[in-house]
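Remarks on the structure that follows.
The figures here come from the full heavy-atom set of this structure, side chains too, leaving out hydrogens, waters and symmetry mates. Just so we're on the same page: letters track the sequence lines, and every chain starts at 1.
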Amino acid sequence: MAIRAVRGFKDILPEETGLWRRIETLAQGVFNSFGLKEIRIPILEKTEVFSRGIGEHTDIVEKEMYTFSDRKGASLSLRPEATAGLLRAVNEHKLYAKSPVLKLFTMGPMFRHERPQKGRLRQFYQIDVELLGTKAPLSDVEVIWMAWDIIRQLGLMDLRLEINSLGCPKCRPRYRDDLRTYLKGVFQDLCPDCQRRCNTNPLRVFDCKEKSCKKIMEKAPLIRQYLCPECADHLSKVLDFLEVLDIPFVINPYLVRGLDYYVRTTFEIVSPDLGAQSTVAAGGRYDGLLKDLGGPDLPGVGMAIGVDRLLLLLKRDEEAPSIDLFVAALGPMARKKVIPWMGILRRNGVRVQMSYEDKGLKSQLKQANRLGAHYVIILGEDEIAREKVIVRNMSTHDQQEVSISSIILALETFI
RNA sequence: GUGGGCGUGGCUCAACGGUUAGAGCGUCGGGUUGUGGCCCCGAAGGCUGUGGGUUCGAUUCCCAUCGCUCACCCCA
């Protein structure tokens, strides 16, 4: 039985890495234009970073983390998301002291022990952005803007931005209480799933697919009616800016994030073509988080793009891995002659390959063709005797002889 | 954690319970002893996921197990 990769962990094969690179390069370009700096952080943290950051009673922390003890008994976890660890780093190095507003991005693998399905792996990749040190609505908008730009520039048009405000510690508790009261009143009429949700995550009841539950929830109180003046004002400013930017959005009053730290703005960018896991990017504001992690009371807003999901939406452009030149050497003499030439050409950026085996000309040309070589040079005993090399253009079938002494020069003009 | 679907050469898939498990693509070789793609011919490559059971006989039916996958849940 051959060894397989761990469940939920995937190899990214050579045919896909080009696309990955394209996404990462594009994102870096966008971040650069927005003035962000890159930060690279460990994938392993003390478990505490996540339990305090994400929330002790979230699904992520309670049942999805890869947690284990190291040899000295310390509890460590593979990061299930980037924000908590990133803020730990900001705090540890007091990065906030250097400038009033910190704009950071990072990218890499995250780990959650969930049942794998389409768009959901146990090791998955995120591109993550965090803006720290400002409460301004425009910073929320910039975060959304970056996500939107990256996704649009990849050619994806069929996307929806959903946005909501979760209020703040001032106004949310009152809403939560009223919602609980309402749910208690209709508890008998809810489906079993929702009855369970009433205790674990009341806001999720809004997401239920059952018709009866949906009907009941139409009359439920909405957070929007409970927002304090500051939160309401914040939301309306965010929406205004989105309109100025011509980024279409729908307000989704049921939009909830699974992480405890979110306040005010939350958003998701969803695609209709992804199946059940339709969120391509998501984020929101988390003003109290840095303080909860033992740092100063700095506000922040951030987002993460699910790279694997983005990839599912992009067409595989299987561009032929073409090369510039294939060197067909016939016989040991010719090989020895030709190898130094390849060195010179490669140092000049020419993509050159040759056969590792001693093969016939036909087979070598076949290989050249398969590799998509634009030119082939042919060198055999005959040519060596005449001090000549054959240069063949694979698309026009033309070939001509060039003297050995001027071959490099000649090739550089060809290619 | 719960449920559905599916496991056959490298890939995509055939085979009413019945001879030696096939095809296309890909790979390699030949047709052209030194000239690619197209065409023609040929070859290699399978413990039919694994273990049990039913049967004269199982790729096919049943059970278990493992794996993949989709959905629930949850989330990027």
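- Within 3.5 Å, a donor on the side chain of Q117(A) pairs with an acceptor on the base of rC73(B), or the reverse.
- Side-chain N or O atoms of R52(A) include one that pairs as donor or acceptor with a backbone N or O of D292(A) at under 3.5 Å.
- Ion pair D382(A)/K388(A) not flagged as a salt bridge, since none of the NZ, NE, NH1 or NH2 atoms sits closer than 4.0 Å to an Asp/Glu carboxylate oxygen.
- When the nucleotides rG31(B), rC68(B), rG34(B) are ranked by their closest atom to the side chain of R7(A), rC68(B) comes out on top.
- When base pairs are accepted only as Watson-Crick or G-U wobble with both N-N or N-O distances under 3.5 Å, RNA chain B takes part in stems of 3 or more pairs at B:1-7 with B:66-72, B:10-13 with B:22-25, B:27-31 with B:39-43, B:49-53 with B:61-65.
- Residue K359(A) places at least one side-chain N or O closer than 4.0 Å to OP1 or OP2 of rG29(B).
- The pair E162(A)-R160(A) meets the salt-bridge criterion, with a side-chain N (NZ, NE, NH1 or NH2) lying under 4.0 Å from an Asp/Glu carboxylate O.
- Proximity of residues 270-278 of chain A to RNA chain B (heavy atom under 4.0 angstrom from any strand atom) is restricted to G275(A), A276(A), Q277(A).
- Taking every side-chain heavy atom of K10(A) into account, rU69(B) is the closest of rU35(B), rC74(B), rU69(B).
- Ion pairing of R351(A) with D324(A) is present here, as a side-chain N (NZ or NE/NH1/NH2) and a carboxylate O approach within less than 4.0 Å.
- At a threshold of 4.5 Å between non-hydrogen side-chain atoms, the residues E114(A) and D59(A) do not count as touching.
- Looking at heavy atoms from C-beta onward, M107(A) lies out of side-chain contact with V307(A) at the 4.5 angstrom threshold.
- Map Q126(A) and G380(A) each onto its nearest nucleotide of RNA chain B; the residue landing nearer the 5' end is G380(A).
- You'll find the side chain of Q399(A) stays beyond 4.5 Å of the side chain of V391(A), heavy atoms only.
- Looking at E130(A) and K103(A), no side-chain N of the basic residue comes within less than 4.0 Å of a carboxylate O on the acidic one, giving no salt bridge.
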Tabulate atom names and distances for all N/O pairs under 3.5 angstrom spanning the protein and nucleotides 2-9 of chain B.
unit_1	atom_1	unit_2	atom_2	d
rU2(B)	O4	R115(A)	NH1	2.2

